[in-house]
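Below is one structure, written out as structure tokens, with a few remarks after it.
Every chain is numbered from 1, with letters handed out A, B, ... down the list of sequences.
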2 protein chains.
Amino acid sequence: MTVHDVAARSGVSIATVSRALREPHRVSEDTRDRVLAAVRDLGYRPNRAASSLRRGRTGVIALVVPDIVNPYFSSLTKGAQGLSRERGYGLVVVDTTELAEVEAEEIAALRSQIDGIILASSRLPDDRLAEIMSTTTCVLINRDLSELGVTAPTVTIDERSGARTAVGHLYELGHRRIAYVGGPERSWSQGRRAHGTREAAAELDGVTLIDVGSFAPDVDGGRAAAAAARDSGATAVIAYNDLVALGLLARWSETGIRVPGDVSLMGFDNTFVAELSSPRLTSVGADLTECGELAVELLLERIDHHEPAEAGLHRVVTPRLAVRDSTAPPADADRG
Amino acid sequence: MTVHDVAARSGVSIATVSRALREPHRVSEDTRDRVLAAVRDLGYRPNRAASSLRRGRTGVIALVVPDIVNPYFSSLTKGAQGLSRERGYGLVVVDTTELAEVEAEEIAALRSQIDGIILASSRLPDDRLAEIMSTTTCVLINRDLSELGVTAPTVTIDERSGARTAVGHLYELGHRRIAYVGGPERSWSQGRRAHGTREAAAELDGVTLIDVGSFAPDVDGGRAAAAAARDSGATAVIAYNDLVALGLLARWSETGIRVPGDVSLMGFDNTFVAELSSPRLTSVGADLTECGELAVELLLERIDHHEPAEAGLHRVVTPRLAVRDSTAPPADADRG
DNA sequence: TTGAAAGCGCTAACAT
DNA sequence: ATGTTAGCGCTTTCAA
């Protein structure tokens, strides 16, 4: 099935077939109808390879994530996939298994074969990333190179706002002694979240924030932090993410500590795992599906309208609070 | 960067450049070295669109899944992605959001633009699927059309074996009254798992299996089934999948029923969520990453060696038991 | 072992 | 409004 078949069937030239498909308005209504009818009848689909070769565009974009099994990234992927499909673009997903080398290699391999790349939570150092940004059409998620003078389209989550929301929620419940169980020190989100909680606590009357330290960003990290978090004497604990919170919850439940009876607990990210436990986790997080969509939108804007990597191509997503069952007023609330 | 640049730099014709890359053995060692050096120096990468157009192959395969956020499918995706990358193929991921229509439409759109498709847990009816199989290079995961006379490459999980393993594990612990909380009636896995548990129970001395009914395959389904499962009087419960098990666990914990103290609990699939709870879930499941890899392997075999859709292109993966903390001997074990 | 040349299917100038 | 035509970059006969 080629343009020739369609042309023959509808009695026009192949150029008209191509036009009827790509620029319908540049063709008379009559011919257009005939061509489109032939297209339908024959089940014709333009050959993407030929089109790509000629146009210099592939109609494919890539999404690079550290770990697709992580619900954070699979949600992002879902959003990106949905919108790119809607816009007629193919989405190639690359899982780097958290390895910066794999990421760099894949980006290099993909660069010339696709129209653009979305890099989610890149594990690459700033300088390598800046270099890539200058030679590739791409959008960053969870990364901001503006301090480096590199102005790239980005989707970021306002982690500080999220941290404030988390602390504020606990404050309003009556908590004054709050612990924060941190994630990996080098993590971008961890920096923002730790800073945000500290800052929010400092601005609130009589709130003490205890930093429990850095832990692995998974259930085991949470389990490892459980004792220290409890010993901090806090009436409420904020975990680096939902998985860490679940780890805390699991370990505490094994040692007889009740949530929210003895201590309130909050997660970050509000992924679906927050709904899995008992009590269900109160969590604050951005709509990751939306983040994925925004990234695609930004990228396609840049691709379709040939927009340069100007400033203004930023989207900041504000995390929202999902109150569930793991937070409640502190036990001594009515006494205090 | 084109073949011409490389040709010029290494003093050969473009044909030789192409050969040095695609059929190294058909080029003298000397020239080959020179060409490859030029390739490296220039950072040349063959243009995929041009190559595709000429060869009639795209070097891209697609993976179609109902829901990428479901850990079952994200694990599958991870495996498929890893192997296809290793083999030099791009992987386009499509999330159908559980909609058969979207699935059908996407398959039609992709068909001519890629080398093959992997359909995971297709939501399409048998006849539609059979039709697709006959006109497309593809591999099925979790589906078997052989009863329909359609012989397609498939990766299936031996659900019956898994069910036997689950029942056997509980039997050995001393359980004799076992309940099964089923998933959606129309689900392929549900049929096999329900049947397998029933069968295994029938073969074991004095085991009663109670079918609690069909529920949604998620946490809410588990919560909804909690009372009925408990009222069945079983000393152990097998859930349709890990999420359902987690729902049972959560609801029970809220109503004062202890696991495994009062009742043992097993999940299916052994996804990462089984590690999230307290107690951690004993679960039986196949290595989904491996299933994804197998599917890619099967598909590439078919693509690369032009193998017809012969029988023999089947892989059956046997689920393995992961014993964690949610199963233990029944409370009256030493009394009985 | 290497080179010359045809063309994969499409799009976009250019011509009518 | 429509047709003619020249390639996009590569692979692959065919010839040398």
Side-chain angles (χ1 to χ4, degrees), chain A residues 1-39 42-60 88 90 109-115 303-304 306, chain B residues 1-39 42-60 88 90 109-115 303-304 306:
Chain A
M1 270 316 127
T2 76
V3 273
H4 292 96
D5 300 308
V6 179
R9 192 173 219 280
S10 49
V12 298
S13 74
I14 59 166
T16 301
V17 173
S18 182
R19 267 193 297 255
L21 260 19
R22 295 264 174 205
E23 308 162 303
H25 60 282
R26 298 179 50 70
V27 155
S28 82
E29 195 179 325
D30 185 47
T31 19
R32 192 194 321 144
D33 290 346
R34 250 180 317 131
V35 171
L36 295 183
V39 165
L42 299 173
Y44 166 79
R45 305 257 182 177
N47 180 316
R48 265 198 140 120
S51 175
S52 301
L53 180 56
R54 182 62 236 254
R55 308 214 303 160
R57 311 244 241 89
T58 61
V60 175
L110 287 167
R111 191 186 315 225
S112 58
Q113 319 296 355
I114 59 182
D115 296 342
I303 292 171
D304 290 339
H306 303 275
Chain B
M1 268 317 128
T2 77
V3 273
H4 293 96
D5 300 307
V6 178
R9 192 172 219 278
S10 47
V12 298
S13 73
I14 61 168
T16 302
V17 173
S18 181
R19 254 182 241 123
L21 258 20
R22 294 264 174 207
E23 308 162 303
H25 60 282
R26 299 180 53 71
V27 156
S28 81
E29 195 179 325
D30 185 46
T31 11
R32 193 194 321 144
D33 291 347
R34 249 179 320 131
V35 172
L36 295 183
V39 166
L42 299 173
Y44 166 78
R45 306 257 182 177
N47 180 315
R48 265 198 142 120
S51 174
S52 301
L53 180 56
R54 183 61 234 252
R55 309 215 303 160
R57 311 243 241 92
T58 61
V60 175
L110 286 167
R111 192 186 315 225
S112 59
Q113 318 297 353
I114 60 183
D115 296 341
I303 293 172
D304 289 340
H306 302 275

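To the nearest angstrom, C1' of D:dC14 lies 15 Å from CD1 of B:Ile14. Regarding B:Asn47, its CG atom lies at a distance of 9 Å from the P atom of D:dT11, rounded to whole Å. If you measure from atom CG of B:Leu21 to atom P of D:dC10, you get 9 Å, rounded to the nearest angstrom. Rounded to whole angstrom, the span from the CZ atom of A:Arg26 across to the P atom of D:dT2 amounts to 11 Å. For the pair B:Glu23 CD and D:dT13 C1', the interatomic distance rounds to 11 Å; values are reported in whole Å. We find that NE2 of A:His4 is positioned 11 Å from C1' of C:dC8, with the value rounded to whole Å. What separates CZ of B:Arg54 from C1' of D:dT12 is a distance of 5 Å, to the nearest Å. In this structure, the CZ atom of B:Arg34 is 12 Å from the C1' atom of C:dT1, given to the nearest Å.
Side-chain contact between A:Leu36 and A:Leu21 is present, with at least one heavy-atom pair separated by less than 4.5 Å. A:Val35 places none of its side-chain heavy atoms less than 4.5 Å from the side chain of A:Val27. Considering only heavy atoms from C-beta on, A:Thr2 stays 4.5 Å or farther from A:Asn47 through its side chain.
Between B:Ser51 and D:dC10 there is no side-chain polar atom (N or O) within less than 4.0 angstrom of OP1 or OP2. A sub-4.0 Å separation between OP1 or OP2 of D:dT12 and a side-chain N or O of B:Ser18 is absent. Note on B:Arg22: a side-chain N or O is less than 4.0 Å away from OP1 or OP2 of D:dT11. Within the structure, a side-chain polar atom (N or O) of B:Thr31 is placed less than 4.0 Å from OP1 or OP2 of C:dT2. Taking 4.0 angstrom as the limit, A:Thr16 places a side-chain polar atom (N or O) nearer than this to OP1 or OP2 of D:dG3.
Comparing A:Ala49 and B:Glu29 by the nucleotide of DNA chain C whose heavy atom lies nearest to each, the residue mapping closer to the 5' end is B:Glu29.
A donor-acceptor contact under 3.5 angstrom links the side chains of B:Arg22 and B:Ser51, judged on distance only.
Minimum atom distance to the side chain of B:Leu53 is reached by D:dG9, of the listed C:dC10, D:dG9, D:dT12. If you check C:dC10, D:dT2, C:dA4 against the side chain of B:Ser13, the one that comes closest is C:dA4.
Among the heavy atoms of the strands lying under 4.0 Å from A:Thr2 are primed sugar atoms or P, OP1, OP2 only; no base atom is included. At the heavy-atom level, B:Arg19 lies under 4.0 Å from base atoms of the strands shown. When heavy atoms are screened at a 4.0 angstrom cut-off, A:Ser52 is found touching no nucleic acid atom at all.
Heavy atoms from other residues, nucleotides or ligands lying under 6.0 Å from CD of B:Glu23 number more than 12.
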